[in-house]
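By convention in this document, chain letters (A, B, ...) are assigned in the order of the sequence lines, proteins followed by strands, and residues within each chain are numbered from 1. Heavy-atom basis, side chains included; hydrogens, waters and symmetry copies ignored.
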Amino acid sequence: MRDLIEVCAPLIYESVSEFPVSEEHISSLIGPATDGRMADVAIPCHSLSGVFKKSPIEVAEEICRVISPSLEGVAITSTINGFVNLKADPRWLSSKTMSLLPDERLGVKKEISRKIVVDYSAPNVAKEMHVGHLRSTVIGDAIVRMLQFKGHQVIRENHIGDWGTPFGMLIEHLIDEGEEKFALEKGISDFDNFYKEARSKFSDDSEFANRARARVVLLQGEDEDTLRLWKVLVDVSTSYFNEVYGMLGVLLDNDDLMGESAYKHLLPQVVERLDESGLLVESNGASVVFLGGKWVNREGQPFPVMIRKADGGYNYSTSDLACIIDRVERLSCDELLYVVGTPQKQHFEMVFEVAKKAGFMNDTHSAIHVNFGSVLDSNGQMLKSRAGQSVKLVDLLRESISRAGQAIAERNSELSDEETVRISKIIGIGAVKYADLSTDRAKDYVFDWDRMLSFEGNTAPYLQYSYARISRIFSLSPISRDSLKETKIELLAEEEQNLARCIVNFSESLDQSASSFHPHKLCTHIHTTSSAFASFYEACPVIKADDEGVMASRLALCDLTARVISTGLGILGIQSPEMM
RNA sequence: GGGCGUGUAGCAUAGCCUGGAUAAUGCACUGGCCUCCUAAGCCAGGGACCGCGGGUUCGAAUCCUGCCGCGCCCGCCA
């Protein structure tokens, strides 16, 4: 109810000017009501008790009496327990709602555009995509869409693991297996096996291990044939990633790839510049940065950010520092977001601190670790990839689609086979994504098929069902959807008013979601809206309304509701089916 | 040991940044509602010492502090 506060606040200041309170004081008290049933906006008057030398209850009554006339037609005032309560007047609410009818953006304003790099997904070449990549990919995609919608220039960066020592063994294994065979057979799947085979040969077969080590040297020396083999692995992997991205319906494509290999020429420069800034220290033959402060290890000794190992190799931190240089200096971005799991929190804190101290970033740049929790199984255990036993992302998505298909087949026999296939994908993928997005990303969440695919509760299928119901109304409506832009909306029933509130609050909710990089806030709002629609749907006949004006008004509400749901879900990367 | 995070009905969560009312939502549970736009729904109801103790405040789930439980991180891996 941001808009209501904006309208009311000046009127309230003016009305209370005769009282011995400052505008700031009153302003600090006006806020959204904590209990939506009591009011939209509230002024708790308890702290004014001393100034007025009266009880909070009397103060509230006095303020209410004074402000009520000026709020005529905007808000309905009342008092209880020392609160002045303002409830949106249906007239104000309806005019606000009507103003959104012709607005494609449903009241969402664009911000002054910033250039924002979002680093997310980050699968590894020649390895399977698993549940951990799911979270990064889905959350990152939603954040990218939110920021774009708010008018920002977003640069997607998929920092794939395509460089480093494992490629020695991977390339040798590729040679052993035969590259033609590999390229043909590895379309979708089975990277896990390939990687495991290479790994076990590396540990069991010393001849292979020697070849692998020699191959790493060749790779780093950019030997032509080695690079070509490396490229085979990268190409097959990225086309696999693209298949998964296509299945998931996320924005990532080949243009967004910026693998570790892309930064390798910057690595010596990182060392040089850290050295020039005086941060670099030699420690046991390695080059490191000691940040001091709270960064101590188990023994209480300061522990370092490793920049260059004693063997001359570079480290993860070095690569991330190179990224920062590239993003700040080549892309000249204002903001750097890293959609990466919480376990790496400390790593990013340290890297950002080094980057600031070394002047790779200045005060105008902000680097934010958009962290997320782990996906747990039903026993509360982490689904880890390296331990093996990880769930392959493609299998998981396929299963979700298949389960969704069964669920809709049980419920609606009118759908053709073709429609069932199409809609199963929308619902299956939507369910997985929404389950991931709808709770606070920083917390762990338990992966539960039954819950995410339930058509009840705060789930994608429930929201999609609301949208499908509205679409059904329009398919039966005598009034076309396009002709509703100028419709007079009248909010007679309580259910209509509650629905209108949700529609009006959409922009505020999106703003909060986008500014905090917390997609679940938007999810909560879409669910509240769908729920308000379901109550409205029961209580207020639309195309069966007796009066034509009422029908048009309700159709307009349906149109806005559908747009809140589909725009909201769209920003989360989830589709809204017109039937299901 | 140090650092970070987390703890809210049987279960899963929101609210915590920015203190405000009888702590909100969903699942599950109980009871109602389909000759009527998709009942995949709606309505009503029961269910919570907001981990525990102190502090700040007129007022604390929210801020501060101390404990306790759980998790993660602290590698010349990424």
Side-chain angles (χ1 to χ4, degrees), chain A residues 28-29 31 33-39 42-47 49-50 56 80-83 85 122 124 161 163-166 260 283-288 294-300 303-304 306-317 319-320 341-347 349-350 371 373-374 376 380 382 386 407-408 410-412 414 438-440 442-446 448 450-451 454-459 461-462 464-466 468-477 495 516 520-521 523-524 527-528 531 534-545 554 558 579-580:
Chain A
S28 71
L29 295 175
T34 47
D35 188 337
R37 290 162 303 188
M38 311 280 292
I43 312 169
C45 300
H46 313 80
S47 65
S49 190
I80 185 171
N81 298 337
F83 290 87
N85 281 329
N124 292 312
W163 203 248
T165 49
E260 287 170 50
S283 168
N284 302 327
S287 305
V288 304
K294 67 180 181 182
W295 307 115
V296 293
N297 67 12
R298 259 178 264 265
E299 286 76 41
F303 84 90
M306 191 63 53
I307 302 298
R308 188 174 52 193
K309 302 184 273 189
D311 67 7
Y314 298 101
N315 200 285
Y316 185 37
S317 303
S319 172
D320 273 335
T342 304
Q344 292 186 50
K345 190 168 177 162
Q346 177 174 304
H347 162 77
E349 269 183 57
M350 294 182 87
N371 62 316
S374 309
L376 307 177
M382 250 180 83
R386 295 196 179 182
I408 58 174
E410 282 166 20
R411 292 177 163 94
N412 189 350
E414 290 170 24
S438 58
T439 60
D440 185 345
K443 296 188 179 178
D444 295 348
Y445 89 97
V446 177
D448 182 339
D450 293 333
R451 192 180 306 137
S454 167
F455 291 74
E456 298 165 13
N458 189 12
T459 65
Y462 175 82
Q464 290 168 324
Y465 175 61
S466 308
R469 285 172 118 184
I470 299 172
S471 300
R472 177 71 174 164
I473 292 174
F474 278 109
S475 74
L476 299 171
S477 164
E495 288 84 357
S516 63
H520 80 279
K521 294 181 186 205
C523 293
T524 303
H527 179 250
T528 306
S531 189
S535 299
F536 160 87
Y537 184 87
E538 294 289 329
C540 307
V542 182
I543 55 183
K544 301 207 165 163
R554 289 179 178 168
C558 285
M579 59 175 115
M580 59 191 275

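Within 4.0 Å of A:R451, counting heavy atoms only, lie sugar-phosphate atoms of the nucleic acid but no base atom. Heavy atoms of A:A310 sit under 4.0 angstrom from at least one base atom. If you check every strand for non-hydrogen atoms under 4.0 Å, A:C540 touches a base. Here A:L476 lies in heavy-atom contact (under 4.0 Å) with sugar-phosphate atoms only.
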Hey, what are the protein-to-nucleotides 1-8 of chain B N/O distances that come in under 3.5 Å?
from  : atom 1 : to     : atom 2 : distance (Å)
B:rG1 : N2     : A:N297 : O      : 3.3
B:rG1 : N2     : A:R298 : N      : 3.2
B:rG7 : OP1    : A:K443 : NZ     : 3.0

Please list, pair by pair, any protein nitrogen or oxygen found under 3.5 Å from a nitrogen or oxygen in nucleotides 17-23 of chain B.
from   : atom 1 : to    : atom 2 : distance (Å)
B:rG20 : N2     : A:H46 : ND1    : 3.4
B:rA21 : OP2    : A:T34 : OG1    : 3.3
B:rA21 : N7     : A:T34 : OG1    : 2.9
B:rA21 : N6     : A:N85 : OD1    : 3.0
B:rA21 : N1     : A:N85 : OD1    : 2.8
B:rA21 : N1     : A:N85 : ND2    : 2.9

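Under the Watson-Crick or G-U wobble criterion, with both distances below 3.5 Å, B:rG41 is paired with B:rC33. Using N1 to N3 plus N6-O4 or O6-N4 for Watson-Crick, or N1-O2 and O6-N3 for G-U wobble, each under 3.5 Å, B:rG59 pairs with nothing. Across all strands shown, B:rG53 forms a Watson-Crick or G-U wobble pair with B:rU65, both key distances being under 3.5 Å. Remark: B:rA48 base-pairs with no nucleotide in the shown strands. Criterion, Watson-Crick or G-U wobble with two distances under 3.5 Å. The pairing partner recorded for B:rA78 is none, the criterion being a Watson-Crick or G-U wobble arrangement whose two distances lie under 3.5 angstrom. In a base pair of the Watson-Crick type (N1 to N3 plus N6-O4 or O6-N4) or a G-U wobble (N1-O2 and O6-N3), with each distance short of 3.5 Å, B:rC4 is matched with B:rG71. The partner of B:rC27 is B:rG10, by the rule that a Watson-Crick or G-U pair needs both atom distances under 3.5 Å.
Checking the phosphate oxygens (OP1, OP2) of B:rC74, no side-chain nitrogen or oxygen of A:H347 falls inside 4.0 Å. Close to B:rA78, at under 4.0 Å from its OP1 or OP2, lies no side-chain N or O of A:N124. The side chain of A:Y537 places no N or O atom within less than 4.0 Å of a non-bridging phosphate oxygen (OP1 or OP2) of B:rA40. In this structure, A:S454 does not reach the B:rC27 phosphate: none of its side-chain N or O atoms is under 4.0 Å from OP1 or OP2.
Residue A:S535 places its side chain closer to B:rC42 than to any other of B:rA40, B:rC42, B:rA39. In this structure, of B:rA39, B:rU25, B:rC77, it is B:rA39 that holds the atom nearest to the side chain of A:Y465. For A:E538, the listed nucleotide lying nearest its side chain is B:rG41; candidates were B:rA40, B:rG41, B:rG26.
The distance from atom NZ of A:K443 to atom CG of A:N371, rounded to the nearest 0.5 Å, is 12.5 Å.
For the P atoms, the distance linking B:rA61 with B:rC52 amounts to 11 Å, nearest Å.
A:E495 meets the salt bridge (charged side-chain N to carboxylate O under 4.0 Å, His left out) test with no other residue; sequence neighbours excluded.
Taking the six-membered ring where the residue is Trp, A:F83 and A:H46 present perpendicular rings, their angle passing 60° and hence far from 30°.
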